[in-house]
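Quick notes on the structure that follows.
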Amino acid sequence: MLDLRQIREDPDRVRASQRARGESVDVVDQLLAADESRRSSLSEFERLRAEQKSLGKLIPQASGDEKQALLAKTRELSAAVKAAEAAAAEVQQRLDELSLVPSNIVLDGVPAGGEDDYVVLREVGGKPALNTVRDHLELGEGLRAIDTERGAKVSGARFYFLTGVGAQLELGILNLALSTAVEAGFTPVITPTLVRPEVMRGTGFLGAHADEVYRLEADDLYLVGTSEVPLAGYHADEIVDLSDGPLRYAGWSACYRREAGSYGKDTRGIIRVHQFQKVEMFSYCRQEDAVDEHARLLGWEEQMLAAIEVPYRVIDVAAGDLGSSAARKFDCEAWLPSQSRWLELTSTSNCTTFQARRLGVRERADGGTRPVATLNGTLGTTRWIVAILENHQLPDGSVRVPEALRAYLGGREVLEPVTR
RNA sequence: GGAGGCGUCGCCUAGUCCGGUCUAUGGCGCCCGCCUGCUAAGCGGGUUGAGGGCUCAAACCCUCUCGCGGGUUCAAAUCCCGCCGCCUCCGCCA
């Protein structure tokens with residue numbers, strides 16, 4: 001949700017942002033019109049209501065004819081107040097609906113265009129020179145680490161079992177991520193993975209990508225696709241204190257995604273799955289600190305990527321490929337030797353005040369309150385196994401373990417195929 | 001699943017039976033001022049949030065806000081209905 005006052009004062013800024021995303025520009029004028037009629041109908045209601053209240057106060061003291069006259073008068077007013085209130089509520093509802101339409105205003109510097117118009121900010125690390133390339137599933141099956149066949153048998157396509165060193169590898173990645181976060185001052189949090197509709201809506205996930213989200217019809221709850229959702233809801237409707245710096249949380253949770261509309265895409269292995277685990281950074285900070293905080297989140301992501309020793313690049317995602325809540329987004333993509341392409345491992349978004357406004361997260365500021373900024377970023381997921389296996393594979397199908405993860409794999413330096 | 005209780009402006013709390021200066025009481029905490037070698041105590045004042053009007057801005061004024069949503073009424077914290085949350089007991093499952 002955007003600030004109505006800002007739309008009123010600088011509608012061109014919002015129009016330009018909508019245009020850069022390839023989304024509706026007309027909604028700005030619809031919003032302005034709805035706001036105008038809301039304010040006039042509200043004034044009318046308030047005027048009538050004030051009159052009703054002041055007359056109502058005279059009634060207990062009045063008596064006889066005077067009282068009867070007052071009662072007759074207030075009866076009339078009562079009906080008028082009700083009508084005015086209903087009219088105001090109707091206009092308010094239209095405004096509320098419209099308010100949810102515009103996406104966040106993109107920040108200056110964000111590349112215009114769609115999915116392919118990202119800008120590469122840097123490339124870090126050299127791609128491995130491999131004579132024979134096995135993909136992560138072949139490697140994972142050899143190590144008895146990944147079992148997609150039984151995943152499909154038990155749960156269907158895009159489900160999997162992680163076994164043995166596969167299970168350990170996932171926990172290693174997540175634990176390393178959590179330790180990194182705690183060292184950086186984050187509060188570790190294990191979150192609910194089922195949330196109420198308001199929370200899901202507040203984080204902006206029920207917009208264009210609503211069909212990506214699992215919904216439990218019988219209980220009217222949603223399964224989260226990331227712990228960003230419960231962490232954003234954590235301080236909903238609260239006035240938070242940011243005087244000691246940002247509130248930083250590292251959420252550990254399972255994540256569920258329907259992957260509707262991605263049929264035939266990444267069908268092999270565990271690149272694109274319905275359920276995985278993730279450690280996610282989430283930060284509440286002052287509006288003016290958001291850009292710096294975003295850079296810090298990106299820094300911690302890169303620290304993790306350095307620790308698992310895979311080549312990666314950082315891209316500045318184009319306006320048309322941002323989620324509705326994000327004003328800017330940086331993705332880190334690891335090299336995927338089996339496909340000679342880049343694969344997204346992390347994503348960090350600056351949502352400025354967009355989510356906080358919907359969720360009612362504010363801070364005290366001279367004389368009143370104002371919305372805070374929220375940011376999020378990935379610190380480790382199940383998918384990282386893919387990049388680790390492929391980039392650290394050895395000619396015989398075994399896999400070198402990056403030093404930072406060895407402690408989580410019983411000190412092993414190399415994972416070897418299981419022959420049996 | 002069954003029965004009962006509770007939800008008031010940061011926290012605690014009065015008010016709800018019996019509708020009307022409730023413009024929500026008092027305490028704690030916090031903020032400002034006074035007083036005082038300093039601190040504490042004491043004294044005085046302020047302290048929910050949202051929206052709107054006026055304004056360069058503020059002061060100020062108005063409306064809404066007693067878990068949420070409806071209803072009754074000239075008038076609802078108070079009466080009625082529905083929902084949500086929390087607590088206790090019973091049952092059930094670990």
Side-chain angles (χ1 to χ4, degrees), chain A residues 1-10 31-100 191-202 206 215-222 229-230 232-244 247 284 286-287 353-372:
Chain A
M1 197 189 324
L2 302 176
D3 183 4
L4 261 175
R5 225 160 298 177
Q6 187 186 2
I7 299 177
R8 227 180 284 152
E9 280 162 19
D10 193 0
L31 262 170
L32 289 172
D35 179 43
E36 188 62 43
S37 68
R38 165 184 144 264
R39 278 184 293 157
S40 66
S41 65
L42 197 60
S43 294
E44 176 65 6
F45 159 69
E46 286 179 355
R47 187 183 64 76
L48 288 166
R49 177 73 176 147
E51 192 181 349
Q52 181 193 33
K53 282 178 73 171
S54 62
L55 284 184
K57 272 179 197 155
L58 301 176
I59 290 177
Q61 295 142 40
S63 59
D65 288 350
E66 198 188 347
K67 186 158 190 168
Q68 289 314 310
L70 271 173
L71 282 177
K73 173 83 180 152
T74 46
R75 233 186 301 270
E76 269 172 50
L77 258 178
S78 176
V81 166
K82 245 171 210 153
E85 187 174 21
E90 195 185 317
V91 179
Q92 178 73 52
Q93 199 198 332
R94 193 153 54 87
L95 180 66
D96 288 344
E97 280 162 17
L98 276 172
S99 313
L100 295 179
T191 72
T193 51
L194 287 169
V195 300
R196 303 165 171 282
E198 315 80 276
V199 175
M200 192 55 90
R201 196 171 306 114
L206 291 186
R215 171 155 187 250
L216 299 193
E217 182 81 35
D219 300 283
D220 200 17
L221 289 169
Y222 291 89
V229 175
Y234 190 65
H235 285 303
D237 297 318
E238 291 181 20
I239 296 170
V240 296
D241 182 3
L242 299 178
S243 58
D244 293 329
L247 296 175
Y284 295 86
R286 292 192 167 138
Q287 323 183 347
T353 56
F354 188 85
Q355 280 180 338
R357 210 180 292 281
R358 288 187 180 200
L359 290 165
V361 188
R362 296 149 293 157
E363 64 166 330
R364 299 207 179 274
D366 44 16
T369 66
R370 61 171 191 164
V372 304

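Below, read A as the first sequence line, B as the second, and so on, with proteins coming before strands; counting in each chain starts at 1.
A:Arg362 comes within 4.0 angstrom of the backbone, heavy atoms only, and of no base. If you check every strand for non-hydrogen atoms under 4.0 Å, A:Lys73 touches nothing.
As a whole-Å value, the separation of A:Ile239 CD1 from B:C11 C1' is 15 Å. If you take CG of A:Leu48 and C1' of B:C64, they are 15 Å apart, rounded to a whole angstrom. Whole-Å rounding puts the A:Glu238 CD to B:A50 P distance at 14 Å. With rounding to whole Å, A:Glu9 atom CD is found 14 Å from B:C56 atom P. Separating the CG atom of A:Asp96 from the P atom of B:A50 is a distance of 16 Å, rounded to the nearest angstrom. If you take CD of A:Glu44 and C1' of B:C62, they are 14 Å apart, rounded to a whole angstrom. Regarding A:Leu58, its CG atom lies at a distance of 13 Å from the P atom of B:U21, rounded to whole Å. The distance between atom CD of A:Glu198 and atom P of B:G69, rounded to the nearest whole Å, is 13 Å.
With both ends at atom P, the span from B:U88 to B:G82 equals 25 Å, rounded to whole Å. Distance check on atom P: B:C18 versus B:C81 gives 14 Å, rounded to whole Å. Spacing of C1' atoms, B:A50 relative to B:C34, comes out at 35 Å, to the nearest Å. Separation of the C1' atoms belonging to B:A77 and B:G20 is 13 Å when rounded to the nearest angstrom. Across B:C6 and B:U16, the matching C1' atoms stand 13 Å from one another, rounded to whole Å. Spacing between B:U78 and B:U65 at atom P, rounded to whole Å, works out to 10 Å. For the C1' atoms, the distance from B:U55 to B:G46 is 24 Å, rounded to whole Å. Taking atom C1' in both B:G26 and B:G19, the straight-line distance is 24 Å, to the nearest Å.
Side-chain contact between A:Tyr222 and A:Leu206: present, with at least one pair of heavy atoms (C-beta onward) separated by less than 4.5 Å. Residues A:Leu247 and A:Val372 have side chains not in contact (no heavy-atom distance under 4.5 Å, counting atoms from C-beta outward). Inter-residue side-chain proximity for A:Ser99 and A:Leu31 is flagged as met; some heavy-atom pair is nearer than 4.5 Å.
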### Message
Return a single string for nucleotides 70-86 of chain B, one symbol per nucleotide in 5' to 3' order, where B is base contact, S is sugar-phosphate-only contact and - is none, cutoff 4.0 angstrom on heavy atoms.
### Response
----BS--------SS-
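When the salt bridge (Lys or Arg N to Asp or Glu O under 4.0 Å) test is applied to A:Glu198, no partner is found at least two apart in sequence or on another chain.
Within 6.0 Å of CZ on A:Phe45 lie more than 12 heavy atoms contributed by other residues, nucleotides or ligands.
Sorted by first then second residue, the side chain to side chain donor-acceptor pair (under 3.5 Å) pairs that include residues 71-84 of chain A, not counting sequence neighbours, number zero. Applying the side chain to side chain donor-acceptor pair (under 3.5 Å) rule to pairs touching residues 354-363 of chain A yields A:Glu228-A:Gln355, A:Arg286-A:Glu363, A:Thr353-A:Arg357, A:Gln355-A:Thr374, A:Glu363-A:Arg370, sequence neighbours excluded. Identified under the salt bridge (charged side-chain N to carboxylate O under 4.0 Å, His left out) test for residues 31-47 of chain A, with sequence neighbours left out: A:Arg8-A:Asp35, A:Asp35-A:Arg38, A:Asp35-A:Arg39, A:Glu36-A:Arg39, A:Glu44-A:Arg47.
Pairing partner, B:G44: B:C32, with both Watson-Crick or wobble hydrogen-bond distances short of 3.5 Å. When both pairing distances are held under 3.5 Å, B:A14 makes no Watson-Crick or G-U pair with any nucleotide shown. With a cut-off of 3.5 Å on both pairing distances, B:C22 has no Watson-Crick or G-U wobble partner at all. The pairing partner recorded for B:C54 is none, the criterion being a Watson-Crick or G-U wobble arrangement whose two distances lie under 3.5 angstrom. As the counterpart of B:U78, no nucleotide is assigned, since no Watson-Crick or G-U wobble pattern has both distances under 3.5 Å. With both pairing distances under 3.5 Å, B:U88 is matched to B:A3 as a Watson-Crick or G-U wobble pair.
Residue A:Leu71 holds its CG atom at 10.5 Å from CG of A:Leu55, rounded to the nearest 0.5 Å. One finds the CE atom of A:Met200 at 9.5 Å from the CG atom of A:Leu221 (value rounded to the nearest 0.5 Å). Taking CD of A:Gln93 as the start and CG of A:Asp96 as the end, the distance is 7.5 Å to the nearest 0.5 Å.
Ranked by how close their nearest RNA chain B nucleotide is to the 5' end, A:Arg370 and A:Ala50 are led by A:Arg370.
One finds no side-chain N or O of A:Thr369 lying less than 4.0 angstrom from the OP1 or OP2 phosphate oxygen of B:G49.
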N/O-N/O pairs, protein side and nucleotides 51-55 of chain B side, under 3.5 Å:
residue	atom	partner	partner atom	Å
B:G51	O3'	A:Arg38	NH2	2.7
B:G51	O2'	A:Arg38	NH2	3.4
B:G51	N2	A:Glu46	OE1	3.4
B:G51	N2	A:Glu46	OE2	3.0
B:G52	OP1	A:Arg38	NH2	3.1
B:G53	OP1	A:Arg39	NH1	3.4

